Amino acid sequence: MDRLTNPFKQALKSGRLQIGLWHSLSSHLVVEILADSGFDWILIDTEHAPNEVPMVLAQLQAMSGGTAHAVVRPAWNDQVIIKRLLDVGAQSLLIPYVETEEEAKRAVQSTRYPPQGFRGFASQARASRYGRIKGYHAAANAEICLLLQVETKRGLENLERIARVEGVDGVFVGPGDLSAALGYLGEPNHPEVVKTIDEAIRRIKDAGSVPGILTGDAQLAEHYIEQGCLFAAVGSDIGLLAGGAEQLAAKFRSQNPGR
């Protein structure tokens, strides 16, 4: 099997909807379960989760037997962090808090070997199956999937310029931070926020890129997919665990009152 080809990137290029789930529990056991649950992709978060590179490595290893593709979100648009995640085997990255064309270009360069970028060379990293994938370094640039997250007013102002940067495969609208930036902190489902996201999706598509989103609201997820989102995360492991646990406890409490 060709371990270099990126199926997630190929799916986006061909216009196939990719349904995903957010993984924030930083557990190789949890993500191993999720990876074989029918999702197209699982987001391994290191921005808002207590997740470090050795833990991400274990989660990537745990996902290798599943059917879902791993997308890793670094804590920041940082060359060193990105290099380390790529070396342990991440092929698809979601870079947070991108606000300008220059930041978008830097993200691209961080994922590319020279002369297209400045990714550091490692001859026997896990990304190349410890040197066993012949021609890895010559082919790796083309198989990296780079998604950029726009979540501020400044990012929206520069949205088309960000989306059109060569090497950017998709633009993800971050509803949480964006709702705060628009004055609706903690209200990502506010009508004005939804209206702004709808417009952003249209602008990303018009710029020739692929839009993405996260929402745990099933109805809103369907709405954004109808608007044109091709990679949509429709929930999180924390939400599933917390919500499911509460429902189970409530069910048995209601059936056994006073006991």
Side-chain angles (χ1 to χ4, degrees), residues 3-9 12 20 22-24 26 31 41-61 63-64 69-131 133 136-152 155 158 161-172 174 177 209-210 212 214 231 233:
R3 297 286 290 274
L4 182 56
T5 300
N6 188 328
F8 179 75
K9 179 169 182 168
L12 294 184
W22 224 251
H23 170 59
S24 300
S26 308
V31 82
W41 59 286
I42 303 293
L43 189 288
I44 298 176
D45 194 17
T46 76
E47 183 190 12
H48 291 296
N51 225 355
E52 303 299 336
V53 173
M55 299 160 67
V56 173
L57 167 58
Q59 288 156 51
L60 291 171
Q61 290 172 324
M63 285 188 66
S64 63
H69 181 79
V71 179
V72 181
R73 180 165 72 169
W76 197 247
N77 186 7
D78 179 273
Q79 173 187 355
V80 175
I81 296 173
I82 291 172
K83 171 178 61 178
R84 297 188 70 198
L85 291 173
L86 292 175
D87 281 350
V88 298
Q91 266 193 308
S92 300
L93 298 177
L94 173 61
I95 310 299
Y97 218 85
V98 175
E99 295 189 298
T100 67
E101 179 182 3
E102 291 71 25
E103 291 173 1
K105 288 180 177 178
R106 181 169 181 82
V108 172
Q109 291 171 335
S110 295
T111 65
R112 266 57 173 180
Y113 289 118
Q116 289 83 13
F118 40 68
R119 177 184 174 186
F121 179 89
S123 62
Q124 294 180 316
R126 180 176 181 269
S128 64
R129 294 186 66 201
Y130 308 102
I133 297 180
Y136 169 82
H137 299 91
N141 285 0
E143 295 300 328
I144 297 298
C145 183
L146 182 63
L147 311 171
L148 303 184
Q149 186 164 331
V150 171
E151 48 195 331
T152 65
N158 295 307
R161 288 186 287 275
I162 291 169
R164 290 187 180 120
V165 169
E166 185 176 357
V168 173
D169 295 292
V171 179
F172 177 92
D177 281 299
S209 193
V210 176
L214 161 67
F231 60 106

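Computed from a prediction, not measured in an experiment: that's the story for all the values here.
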*Take Asn77 and Leu148 through the test side chain to side chain contact (heavy atoms under 4.5 Å, CB included) and record every step on the way to the result.*
CA-CA 9 Å; Asn77 186 7; Leu148 303 184; over 6 Å; no

*asked:* Please evaluate residues Leu12 and Leu147 with respect to the criterion side chain to side chain contact (heavy atoms under 4.5 Å, CB included), reporting the C-alpha separation (whole Å), side-chain torsions for both, the decisive distance (0.1 Å), and the verdict.
replied: CA-CA 11 Å; Leu12 294 184; Leu147 311 171; 4.1 Å; yes

*Kindly determine whether Thr111 and Ile95 satisfy side chain to side chain contact (heavy atoms under 4.5 Å, CB included), including the steps that lead there.*
CA-CA 11 Å; Thr111 65; Ile95 310 299; 5.7 Å; no

*asked:* Pair Thr5, Glu143 - check side chain to side chain contact (heavy atoms under 4.5 Å, CB included), show working.
replied: CA-CA 6 Å; Thr5 300; Glu143 295 300 328; 4.2 Å; yes

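For the atom pair Tyr136 OH and Leu4 CG, the distance stands at 7.0 Å (nearest 0.5 Å). Here CD of Gln61 is found 10.5 Å from CD of Gln59. Values are rounded to the nearest 0.5 Å. Taken to the nearest 0.5 Å, the CD atom of Glu52 stands 9.0 Å off from the OG atom of Ser26. How far SG of Cys145 is from CZ of Phe231: 7.5 Å, rounded to the nearest 0.5 Å. Interatomic distance, Trp76 CH2 to Ile81 CD1, rounded to the nearest 0.5 Å: 10.0 Å.
Checked against side chain to side chain contact (heavy atoms under 4.5 Å, CB included), Gln109 has the following partners two or more places apart in sequence or in another chain: Phe118. Residues meeting the side chain to side chain donor-acceptor pair (under 3.5 Å) test with Thr152, sequence neighbours left out: Glu99.
Without hydrogens or angle criteria, Asn141 side chain to Arg112 main chain gives no donor-acceptor distance under 3.5 Å. The closest donor-acceptor contact from the side chain of Lys9 to the backbone of Gln91 lies at 3.5 Å or more, if one exists at all.
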Anything under 3.5 Å between a donor and an acceptor, one on a side chain of residues 164-172, the other on a protein residue two or more places apart or in another chain? List them.
unit_1: Asp169; atom_1: OD2; unit_2: Leu146; atom_2: N; d: 2.8

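Across Ala75 and Thr46, no two heavy atoms sit closer than the pair N-OG1, 3.1 Å. Heavy atoms only, all atoms of each residue included: Glu151 and Gly174 are closest at CB-O, 3.8 Å. Counting all heavy atoms, side chain and backbone alike, Ala90 lies closest to Leu60 at N-CD1, 3.8 Å. Nearest heavy atoms, Ser110 versus Leu86: O-CD1, 4.0 Å.
Residues Ile162 and Glu103 are not in side-chain contact: their nearest non-hydrogen atoms beyond the backbone lie 4.5 Å or more apart.
Checked for salt-bridge contact, Lys105 and Glu101 meet the test: a charged N lies under 4.0 Å from a carboxylate O.
Ring pair Phe8/His69 is parallel by interplanar angle, where below 30° counts as parallel and above 60° as perpendicular.
Side chains of Gln149 and Asp177: no donor on one and acceptor on the other come within 3.5 Å.
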